[in-house]
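First listed ligand is number 1; within each ligand, the first listed atom is number 1.
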Amino acid sequence: MTIDLSVLDDDQRVAAEAPRGPVCILAGAGTGKTRTITYRIANLIDRGTIAPNKVLAVTFTQRAAGEMRDRLRTMGIGGVQARTFHAAAMRQLQYFWPQIAGDLPWRLLDNKFPLVGRAARAAGLDTGKDMVRDLLGEIEWAKASVIGPDDYAARIAETPRTPPADPARVAQVYRNYEEAKTSPEGMLLDFDDLLLHVAGALENAPAVAEEFRAQYQTFVVDEYQDVTPLQQRVLEGWLGERDDLTVVGDANQTIYSFTGATPDYLLNFSRTYEHATVVKLQRDYRSTIEVTELANTVIGKAKGRVAGTRLELEGMRGHGPQPQFNGYDDEPAEARAVAQAIRKLLDDGVPAREIAILYRINAQSAAFEAALADAGIAYQVRGGEGFFQRAEIREAISNLVRAANRSDLPNDPVAVARAAFAPIGLTQNEPEGAQARERWQSLTALVDLIEEIVRTREAEDLPQVLRSLRQRAEAKQPPAVDGVTLASLHAAKGLEWDAVFLVGLVENTLPISHAIKAGDDQIEEERRLFYVGVTRAREHLHLSWSLSRQEGGRKNRSRSRFLDGIAPELEVEKSPERLKRNRRCHVCGNPLVTPADKALGRHEDCEPSYDENVLAALKRWRLDVSRAAGHPAYMVFSDATLIAIAEAMPTDEREMLNISGVGPMKVENYGAGVLSTLNEHRH
Ligand code: ATP
Ligand code: MG
């Protein structure tokens, strides 16, 4: 049997046929990277260069590993190990443990939560669920970045990350957690410990290293742009002094930086291995010319070091329909339109499993699940349970059931729901902290759904609302093969569909609010996420957004900045307000609509950020000035303008002019007084 390499193009074939040794494929989305390494493995084995059981291929997900094994098997190649880093490390540790730790028993810790909770309590920190989850994420990041508890505080200061608590405390939680896993009776190992111990054994136990390296000789890593320093250390342990390593990746698809992943190893590969075969691929076999052109434009706007490595994609699938851009008044309208467009595709013969709806955060799935269910379209939610299966939603509904049993019930089910969800995280404003935010978004989506149920008269009182919710929750999920896919952009990595709907493309969702706060690097990561989304489509690509979250609600959202210069602008979006930076809320970044909000420089219900003492001082100053001039205080400055000044803390007259409600006359009359008042309060 011979592997037919004529199905590869010339560049791909160079990578597939290169002799054993370092090979790097640096290429954009859909250029056949995954396909090429599969052929490379098959070809090396087929030519007798290496035995199948001496090859270890690493993929990003278990599913990708399964697909690679299947593809190899259909080419007549069995026995290749294709696994994720974690799965590979798990097996290796099970095998080598007796050699490194004797009969000290160990067990995989699959739920870190209770241990981290205890560690947090011992460090004197809040042990609410969300805080514990954030601490857990932080410990995972530190371990993936090969940062120990003693170095944590110093290292975090060098990164743009916001730690969930004071760094010294986080370090203490981390230390407590590590200590709690070890006892004379045995050890608990979390997923990262598996990697740490494998790396340690290969570095320090020569017998282990020798045996391992005799077994595995050829290594292949897909999605290498998202490797963490810890995974890289394992990879180096596997290799030892050898260099039989093939890596493929696209730095412009780095989307897991928040877990510690970095494209540096990919970008530096040809420096690390100067004799490496480096192949760049530009022909995009996945997508039509229309889709690849859009993808090129999207990533063409990227900035920074990673962006400098991009290559223009060349669409190989010929022409297809133009990508569609659609803005809607509100999210339910957006969801209904998407469901309708999907219905049309299905009628035209596109199979449901070839259609996907992709979004930034899981809470966004709710509206689309509802619209698909209403339209009778089968779907499945990937990389997470359906909306109603989520822990916070189940908790919320049981709170609502409990509330329904009370006698003093208000009439309005929406008000009851808000009250019932308040104790489990539905605060008035979106909270800080990744977990708290996700929970808040889910709960808000549930309130919106209840509002919708009431508004459309599907239900009038709470028992009826509960019945409607139950019906939705019980609607059976269809079998995986037949449904439309709903997935987050992160979960869509490496996959492809005939038709892709990128939905909810609004500021604060994509880019996500915490990325906007964190600055340029994070914005670029969000842009890459958008690029990943666009490049999932083979043929049909629909991009949409909506200006209000609720049906008929206030249009306080604006479409994603990533659409600027890409999608035609609608009249409402072109208004001068949108263009002026000071007409956007300085807290949430969305446009300001009412005069009061404009004067404040933020929405009234967005969390203010001024110092009370500064405002009090400005008011005292205003009182003095107005008394001296003999006219009412508001003629000097309105309360809203004073708040805006206290928030902006201008340092000179030019900066004062940027504040809404402060014109040249005001600056001339009061500028000096305001600035000297502020000067007394600067730190
Ligand atoms: P991503 O960056 O999204 O992971 P990728 O570079 O790994 O993409 P693949 O998934 O390997 O790309 O390939 C994209 C699509 O193009 C697949 O459907 C694949 O079968 C097809 N393809 C790749 N190379 C060729 C080729 N030479 N001829 C025909 N089809 C190809
Ligand atoms: Mg791939």
Is there a nitrogen or oxygen of [X] sitting under 3.5 Å from a nitrogen or oxygen of ligand 1?
{"X": "Arg286", "value": "yes"}
{"X": "Val7", "value": "yes"}
{"X": "Leu8", "value": "no"}

Between Arg536 and ligand 1, find which residue part has any heavy-atom pair under 4.0 Å and reply side chain, backbone, both or neither.
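Just the side chain.
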Using modelled atom types only, decide if a donor and an acceptor are shared between the side chain of Arg310 and the backbone of Ile299 within a distance under 3.5 Å.
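A pair under 3.5 Å: yes.
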Can Thr31 and Asp284 be counted as having a side-chain donor-acceptor contact under 3.5 angstrom?
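No - no donor-acceptor pair under 3.5 Å links their side chains.
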Count, waters excluded, of protein N, O or S atoms under 2.8 Å from the Mg ion (ligand 2)
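Step by step: take the Mg ion (ligand 2), keep protein N, O, S below 2.8 Å, and you get 1.
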Atoms in ligand 1 flagged as close to [X], the criterion being non-hydrogen separation under 4.0 Å:
{"X": "Gly494", "answer": "4 (O)"}
{"X": "Asp9", "answer": "27 (N)"}
{"X": "Gln253", "answer": "2 (O)"}

What is the closest protein heavy atom to [atom], and at what distance does it sit?
{"atom": "atom 7 (O) of ligand 1", "answer": "Thr34 OG1, 2.8 Å"}
{"atom": "atom 20 (O) of ligand 1", "answer": "Arg35 NH1, 3.2 Å"}
{"atom": "atom 17 (C) of ligand 1", "answer": "Glu496 OE2, 3.4 Å"}
{"atom": "atom 2 (O) of ligand 1", "answer": "Lys33 NZ, 2.6 Å"}
{"atom": "atom 16 (O) of ligand 1", "answer": "Tyr285 CB, 3.3 Å"}
{"atom": "atom 24 (N) of ligand 1", "answer": "Gln12 NE2, 3.1 Å"}

Taking the six-membered ring for Trp, are [X] and [Y] ring centroids under 6.0 Å apart?
{"X": "Phe85", "Y": "Phe60", "value": "no"}
{"X": "Phe562", "Y": "Trp545", "value": "no"}
{"X": "Tyr359", "Y": "His490", "value": "no"}
{"X": "Phe212", "Y": "Tyr216", "value": "yes"}

Working note: Asp10 + Arg13, criterion salt bridge (Lys or Arg N to Asp or Glu O under 4.0 Å); need CA distance, chi angles, decisive distance, verdict.
CA-CA 5 Å; Asp10 292 350; Arg13 212 173 310 116; 3.3 Å; yes
Relative to Trp141, does Arg161 satisfy both conditions: NZ or CZ under 6.0 angstrom from the six-membered ring centre, and within 45 degrees of the ring's axis?
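That pair qualifies as a cation-pi contact.
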Neighbour count >12 (heavy atoms, 6.0 Å) for atom CZ, Phe191
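No, because the 6.0 Å sphere around CZ of Phe191 holds 12 heavy atoms or fewer from other groups.
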Under 6.0 Å from the CG atom of Asn53, do we count more than 12 heavy atoms belonging to anything else shown?
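More than 12 within 6.0 Å, yes.
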Of the choices Gly32, Ala27, Gly30, which has the non-hydrogen atom that lies closest to atom 8 (O) of ligand 1?
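Nearest option to atom 8 (O) of ligand 1, by heavy atoms: Gly30.
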Under 4.0 Å between a side-chain nitrogen and a carboxylate oxygen: does that hold for Arg557 and Glu331?
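Looking at Arg557 and Glu331, the cut-off is met.
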Distance-only criterion, 3.5 Å: show the donor-acceptor pairs between side-chain atoms of residues 271-279 and protein atoms not counting sequence neighbours.
unit_1, atom_1, unit_2, atom_2, d
Arg271, NH1, Asn268, OD1, 3.3
Thr272, OG1, Asn268, O, 3.1
His275, NE2, Asp243, OD2, 2.7

Is any side-chain heavy atom of Glu236 less than 4.5 Å from a side-chain heavy atom of Glu203?
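Contact flag for Glu236/Glu203 side chains = no.
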